[in-house]
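All ligand and atom numbering here is 1-based and tracks the order in the structure. When reading the values below, keep in mind they use all heavy atoms of this one structure, side chains included, and skip hydrogens, waters and symmetry mates. All figures in this text were calculated on a predicted structure; none of them were measured in a lab. Starting from 1, each residue takes its place in the sequence as its number.
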Amino acid sequence: MTDMATEEIVLHGIGGSPGICIGKAYLVDKDGVDVVPKYAICESKMDAEKKRFKMAVKKAVDELHAIINETSAELRENAKILETHVVLLKDKMLYGRTLETMDKEHINAEWALRKVSQAIKPLFENMEDPYLRDRAEDVANVSERIMKHLTGSAGVSIRNINKRVILVARDLSPAETSQIKLERVMGFVTDRGGRASHTSIIARSLEIPAVLGLEKATSAIRNDDIIVVDGTAGVVVINPSEETLAQAETRKIEFENRRAFYARSGHLPAKTKDGIELAVMGNIEMPEEVAAVIDRGGDGIGLYRTEFQYMARKDFPSEDELYEHYKDVLDVMPDKPVTIRTLDINGDKALAHISDIEENPVLGLRAIRYCLRKPDVFLTQLRAILRAAHHGQVRILVPMISKIEEVLETKRLLAKAAESLKKDGLRHQTQVPLGIMIEVPSAAIMADAMAREVDFFSIGTNDLIQYTMAIDRGNRHVAYLYSPVHPAVLRLLKHVTEAGARRNIPVFMCGEMAGESIYVPILLGLGLKELSVNSQAIPLIKNAVRTLNVDQARKFTDQLVQQTTTQAIEKMLESTYGELKNNHHHNWER
Ligand code: PEP
Ligand code: MG
């Protein structure tokens with residue numbers, strides 16, 4: 001299996017998070033959660049390997065029989081399902097084909113089992129008969145049961161990865177990403193995903209290099225392959241030559257020096273040449289990240305994504321738990337604004353215990369829609385925020401607003417939360433600024449009316465672009481359409497900032513557009529008051545602001561919004577402000 005391992009292969013993808021790392025690949029299975037050991041078995045060891053497989057199946061059968069025998073009469077229906085599992089365990093399709101695959105491909109039992117179960121699952125899924133279609137789940141279930149006996153555990157959980165590795169996966173869901181012991185991961189490489197996907201956002205905030213949207217990474221890279229991940233250029237090199245390794249090392253050092261250089265200037269204010277000061281804040285996902293924002297010179301937290309505290313668990317966090325989390329952030333940052341965003345779940349961040357799977361989750365019961373449907377969940381969070389607000393300068397930010405009624409209902413619930421806290425005699429703050437995310441086109445269009453109801457806007461370009469352009473922000477095939485400077489997006493941004501100015505409320509931006517220095521002239525030109533970015537971009541953005549002049553930027557932006565194509569806009573940006581680009585691209589030999 002190692003004969004072709006020496007050839008250098010270069011894969012081109014999307015730079016999800018800058019930086020370079022060199023290390024061993026660690027493949028995470030297609031379904032994300034567990035890793036199946038994969039290795040070759042030589043002829044002479046095959047019999048023993050097959051025996052191991054048969055033993056695992058036997059243990060699985062015995063285990064099922066034991067469960068069936070213990071099942072009480074009322075739960076007989078349940079036991080029937082388990083009886084079908086017993087049959088499936090010995091079925092030719094799964095059992096027979098796994099043994100055949102081991103023989104034919106000279107591979108270990110786990111690997112063969114995974115291959116076979118993955119191949120037959122879609123056969124069931126595509127069947128017309130709904131009863132047979134449901135058997136797809138059973139196949140998955142049964143093969144997991146055998147797997148558990150083969151590996152002696154329920155698979156290696158992503159939580160327990162215990163060596164410094166580069167994770168290679170088809171995709172990593174935000175829930176999985178939030179579980180990874182981050183000090184153990186040097187980089188991410190995924191087949192799916194784009195710059196605005198949550199995997200890339202998390203990678204950036206953790207300063208882990210990531211290349212996404214590679215399509216074939218999981219088939220081209222094998223466990224333990226040495227790989228170079230260049231998140232700046234969006235390139236992965238498998239089995240790098242000595243020369244490539246040396247080049248990568250040099251670039252790594254250059255990158256780190258540059259990062260250190262910018263970091264040193266992070267604490268200087270972001271004041272333009274003509275004296276206008278912008279606040280540059282940090283986006284965080286977990287309380288621990290506040291320290292990085294402070295280190296990099298952040299003027300506060302412009303976006304605290306709170307959904308991660310709800311993920312990878314089987315219930316909802318309690319008010320006290322949430323309060324402690326928020327207080328952790330405020331204790332570290334008591335004298336700067338901390339913008340706590342209310343729960344933005346579903347979409348691509350489904351909770352493990354919500355079983356109602358939607359066909360189009362990003363267009364479904366996401367964020368505020370979910371919260372208004374579940375006022376108890378929402379009130380618990382609002383109460384926790386108001387209590388935490390006592391310890392610092394909290395602002396509340398509500399995601400996915402698409403109509404005014406949602407704002408009004410939120411305000412009503414906020415008042416109710418305050419009232420109930422008063423009744424309970426719990427210390428809290430009632431005067432907390434309330435803002436909404438402008439990330440759905442209908443809210444952007446209605447910005448002038450929305451502005452009457454709230455204290456500030458924060459533009460979420462990640463979703464605003466997704467919904468305006470009708471493209472899945474994590475889908476690499478339409479990533480070419482994902483541009484913050486599509487003329488439609490720019491016109492919406494202008495519309496929103498003008499509405500804010502007319503109604504006298506500040507407009508901020510916390511989408512990823514704000515973290516790319518090349519766009520800073522536009523953001524200044526539009527009159528944004530505050531940008532919130534991943535912590536590592538703070539010094540870069542502040543530095544970009546310092547090189548600019550607002551008056552010029554405004555004139556330039558006025559011209560820009562007259563353009564009708566993305567290409568024309570990009571060209572104007574490049575020729576006027578090209579030196580601001582965050583990334584410098586390198587030509588890797590193919
Ligand atoms: C956005 O949509 O731009 C945003 C900041 O929110 P999220 O990325 O969490 O959807
Ligand atoms: Mg969003």
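- By the criterion of a heavy-atom distance under 4.0 Å, neither the backbone nor the side chain of Asn283 is placed next to ligand 1.
- Distances from the Mg ion (ligand 2) to the N/O/S atoms of Glu439 are shortest for OE1.
- Proximity of Arg296 to Arg259: side-chain heavy atoms (C-beta onward) are separated by under 4.5 Å at one or more points.
- A salt bridge does not link Glu574 with Lys571: every distance from a Lys NZ or Arg NE/NH1/NH2 to an Asp or Glu carboxylate oxygen is 4.0 Å or more.
- Looking only at atom types and distance, the side chain of Tyr326 has a donor-acceptor partner in the side chain of Gln381 under 3.5 Å away.
- Per residue Asp463, closest N, O or S atom to the Mg ion (ligand 2): atom name OD2.
- Tested against Glu498 for a side chain to side chain donor-acceptor pair (under 3.5 Å), the candidates Arg502, Lys494, His495 yield a single pass: Lys494.
- Using a 4.0 Å cut-off between a side-chain N of Lys or Arg and a carboxylate O of Asp or Glu, Asp320 and Arg387 qualify as a salt bridge.
- Considering backbone and side-chain N/O atoms, Arg473 comes within less than 3.5 Å of an N/O atom of ligand 1.
- Of all atoms in ligand 1, numbered sequentially from 1 with element shown, those under 4.0 Å from a heavy atom of Leu303 are 5 (C).
- Residue-level proximity to ligand 1 for Glu285 is absent, since no heavy atom of it falls below 4.0 angstrom.
- When Arg366, Glu439, Arg305 are checked for heavy-atom proximity to atom 9 (O) of ligand 1, Arg305 turns out nearest.
- If you check which protein heavy atom lies closest to atom 6 (O) of ligand 1, you get Arg341 NH1, 2.9 Å.
- Looking at Glu530 and Arg395, a side-chain N of the basic residue comes within less than 4.0 Å of a carboxylate O on the acidic one, giving a salt bridge.
- Without hydrogens or angle criteria, Ser17 side chain to Ile208 main chain gives a donor-acceptor distance under 3.5 Å.
- Where the criterion is an N or O separation shorter than 3.5 Å, residue side chain and backbone included, Glu512 fails it with respect to ligand 1.
- With a 4.0 Å cut-off on non-hydrogen atoms, Ile201 touches ligand 1 through its side chain and not its backbone.
- In this comparison of Glu307, Met437, Gln466, Met400, the heavy atom closest to atom 4 (C) of ligand 1 sits on Met437.
- Which parts of ligand 1 touch Gly511 is read off a 4.0 Å heavy-atom cut-off, strictly below it: atoms 3 (O), 5 (C).
- Tyr323 and His428 have their aromatic ring centers separated by at least 6.0 angstrom.
- Between Lys336 and Asp299 there is no salt bridge, since none of the side-chain N atoms of the basic residue sits less than 4.0 Å from a carboxylate O of the acidic one.
- In summary, the atoms of ligand 1 found under 4.0 Å from a heavy atom of Asp463, numbered by their order in the structure, are 1 (C), 2 (O), 3 (O), 10 (O).
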